[in-house]
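Model, not experiment: these values are computed from the prediction.
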Amino acid sequence: MAGLRLGPLLRYNDGSSATVWAETSRPCTAEVRCADGAEGTARTFQIAGHHYVLVPVTGLTPGTATEYEVLLDGARVWPPPDSRFPPPVIATPAAEEGLRVAFGSCRWAAPPAGGKDPVGPDALDTLAARIAADPGGARPDVLLLLGDQVYADEVSDATRRWIAGRRDLAESPGGQVADYAEYTRLYDESWSDPEVRWLLSTVPSCMVFDDHDVIDDWNTSAAWVADMRATDWWRERILSGLMSYWVYQHLGNLSPAELAADPLYAAVRAAPDGTDALRDFAARADADPASVRWSYRRDFGRVRLVMVDSRAARVLAEDRRAMLDPGEAAWLREQVLDGRGDDEDAAYDHLLIGTSLPWLLPHLVHDLEAWNASVCGGERGARWARLGERIRRGADLEHWPAFPASFDALADLIAEAGTGPGAPATVNVLSGDVHHAYVAEPSWPGRGPDARVAQLTCSPVHNSVPLSMRLGFRFGWSAPARALGRRIARHGRCAPPAVSWRRTGGPWFGNQLMTLTLRGRSARLRLEQARTDRDGATSLRTVTDRELA
């Protein structure tokens, strides 16, 4: 009898259709049945001995919530009969209620039940507990997970012991993940957490990778890539990382129409074993990142989300470094401006640009990254270039400011999208990565866009924030740090950035989630942190709650 190994995860949801992802114990036919009559069926496909299914569900009614169940070969497997959680639902918001978008990044798997958590309560666990306690109350309409869903380079003690049982840790890559089988262990560990498993079964999710999904500082520079490719273990790691990301995260980001048009998805489903087809795809993606698009767009009524791949789509040659390759940059522009005309009918009321790495950083960090990009490019000679490369890797200088032309291009695109009679009310750049939360607002020379623009950064969901990091980021936002940054930028002969900006909220440290509530042309931001009470109970406590527009 087939059983669920992982999931189900409620992924795409547009109000009339949805997709439900799962991993099963053996080949089977999966069926999703909704209480209102909506349903869907799909056959599993096989990758590296594992069996997966993505079930398209049609016939949903917008503005409703319907309970659903999952059956494998006709037998119900979800929800389990002894579940302590409310039944999972596929819910679509009513227009008058607006859209609630929760987001964050950087999540270590929570420890087993009863185990001591060294980094404090998990924000996703705590969100799940709150929703389960009041299933009829407010909940996110979509959850954006902005990178580092798993840590291939920082595994738990339990996973390290499991890896040691299958290979010698004295050989590279040691206690890090080496192949596809070990990646599946990471997802098992992360998504089998009971609270998170239930949460992901009942709240739609959109995902994108960041570096730790593959390895810390992934694609920092051309020299970094060359060094990694010279090792005897990197090729298996990168191919396994891309393969597992496609299966566990990327497929669920796509609409049923996009899935139907995807030749790889068709090939994998048609083959008795899709491993070779997927591995060939991953090899092409690694050799030529421009041949693959991991970015995607979602429209939620009058809210547009454009999720941008700021890891794999990079151009790393020092004389033309770019966060996005030319094709990716053109695609981003097309998605942002699609439907934007000169009339007063806005294509959307709010634009969300999701990128795992913040666009606007503390001023000292920005100037240091811009300086580093300049000296690594040869502005101060070969000796400084070699030193700059060592500094770049040691200090993780590879965010948007480390690609100055891309930083400015994004500023120009945001200004264009946010200006004119059909401008949206807000443009928000949603990011994580940097293990603290903050709000920063840019200003342009001259008039600037009509829309309210903000960088909203939220991280981590569940991870450590050492004291040195707290002190460093607090200083990075300070006036002395800003003055120091200007001096560093002058040494690198850096051109001034296209925008200036100021921090208008934070920095906040802890395990946390941000939620945007978008209703009409209004926008409200709430940041909540997971905390433990004296009696041991955990809860999400509001740190800030403010109007953005």
Side-chain angles (χ1 to χ4, degrees), residues 146-147 208-211 214 217-226 228-229 238 242 245-246 250 253-254 258 261-264 281-298 304-340 347 351-360 366 369-370 372-374 376-379 392 397-419 427 429-431 494-495 497-499:
L146 297 170
V208 72
F209 48 33
D210 199 24
D211 55 345
V214 175
D217 302 337
W218 176 31
N219 282 345
T220 291
S221 66
W224 182 93
V225 171
M228 297 304 291
R229 287 177 174 172
I238 185 62
L242 295 175
Y245 176 74
W246 185 86
H250 182 66
N253 295 326
L254 305 180
E258 290 169 323
D262 189 324
L264 175 61
F281 167 84
R284 291 194 303 273
D286 178 49
D288 180 14
S291 67
V292 174
R293 174 157 299 120
W294 302 106
S295 302
Y296 56 95
R297 166 182 152 188
R298 295 283 307 276
R304 177 169 297 175
L305 166 68
V306 183
M307 193 75 88
V308 182
D309 162 24
S310 49
R311 275 292 167 190
R314 298 177 175 188
V315 177
L316 298 176
E318 291 295 345
D319 59 345
R320 49 190 179 90
R321 272 174 67 87
M323 184 66 84
L324 309 177
D325 65 60
E328 191 79 4
W331 177 88
L332 173 60
R333 178 178 175 80
E334 178 183 352
Q335 303 310 309
V336 166
L337 298 180
D338 183 28
R340 285 278 286 114
L351 173 62
L352 310 178
I353 299 176
T355 166
S356 62
L357 302 174
W359 171 52
L360 303 179
H366 177 101
E369 295 202 2
N372 183 262
S374 179
C376 287
E379 183 65 33
R392 175 156 59 190
L397 304 181
E398 39 85 32
H399 299 79
W400 283 88
F403 302 81
S406 298
F407 177 92
D408 288 348
L410 184 55
D412 292 343
L413 178 59
I414 289 172
E416 183 176 358
T419 301
V427 179
V429 181
L430 313 182
S431 306
C494 303
V499 294

Results of ring pair (Phe, Tyr, Trp, His ring centres under 6.0 Å) for W294 - residues two or more places apart only: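 W294 satisfies ring pair (Phe, Tyr, Trp, His ring centres under 6.0 Å) with F209, Y245, H250, F281 only.
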Steps toward side chain to side chain contact (heavy atoms under 4.5 Å, CB included) verdict (L360, V429): CA-CA 9 Å; L360 303 179; V429 181; over 6 Å; no
Side chain D309, main chain A312, donor-acceptor under 3.5 Å: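 Present.
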R314 side chain to N219 backbone, donor-acceptor under 3.5 Å: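 At least one qualifying donor-acceptor pair exists.
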To check you understand the geometry: which heavy-atom pair defines the closest contact between [X] and [Y], and what is its length?
| X | Y | answer |
| --- | --- | --- |
| A411 | A498 | CB-CB, 4.1 Å |
| A402 | A373 | O-CB, 3.4 Å |
| S356 | L146 | CB-O, 3.3 Å |

With [X], which residues qualify under salt bridge (charged side-chain N to carboxylate O under 4.0 Å, His left out), at least two apart?
| X | answer |
| --- | --- |
| D412 | none |
| R297 | D299, D338 |
| D211 | R311 |
| E318 | R392 |

Between atom [atom1] of [X] and atom [atom2] of [Y], what is the distance when rounded to the nearest 0.5 Å?
| X | Y | atom1 | atom2 | result |
| --- | --- | --- | --- | --- |
| D408 | L413 | CG | CG | 12.5 Å |
| E398 | M323 | CD | CE | 7.5 Å |
| F407 | H399 | CZ | NE2 | 13.0 Å |
| L357 | D210 | CG | CG | 5.0 Å |

With [X] via side-chain hydrogen bond (donor to acceptor under 3.5 Å, both in side chains) - residues at least two apart:
| X | result |
| --- | --- |
| T355 | S310, W400 |
| H366 | none |
| S221 | E389 |
| N372 | none |

Among V336, I353, L351, the one residue meeting side chain to side chain contact (heavy atoms under 4.5 Å, CB included) with R304: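 Exactly one option meets the side chain to side chain contact (heavy atoms under 4.5 Å, CB included) with R304, and it is L351.
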For [X], side-chain contact (heavy atoms from CB on, under 4.5 Å) partners two or more places apart:
| X | result |
| --- | --- |
| D288 | A290, S291 |
| A409 | none |
| S374 | E379, C494 |

Derivation of the side chain to side chain contact (heavy atoms under 4.5 Å, CB included) call for W218 and I238: CA-CA 10 Å; W218 176 31; I238 185 62; 3.7 Å; yes
Greater than 12 external heavy atoms within 6.0 Å of R229's CZ: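 Atom CZ in R229 is crowded, with more than 12 foreign heavy atoms closer than 6.0 Å.
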Salt-bridge criterion met for E416 and R333 (N-O under 4.0 Å):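 Salt bridge flag = yes for R333 with E416.
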Heavy-atom side-chain contact between V315 and R321 under 4.5 Å: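 A side-chain contact is absent here, since even the closest heavy-atom pair is not under 4.5 Å.
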Stepwise side chain to side chain contact (heavy atoms under 4.5 Å, CB included) check, D325 with W331: CA-CA 10 Å; D325 65 60; W331 177 88; over 6 Å; no
Test log, rule side chain to side chain contact (heavy atoms under 4.5 Å, CB included), inputs V308 and L410: CA-CA 11 Å; V308 182; L410 184 55; over 6 Å; no
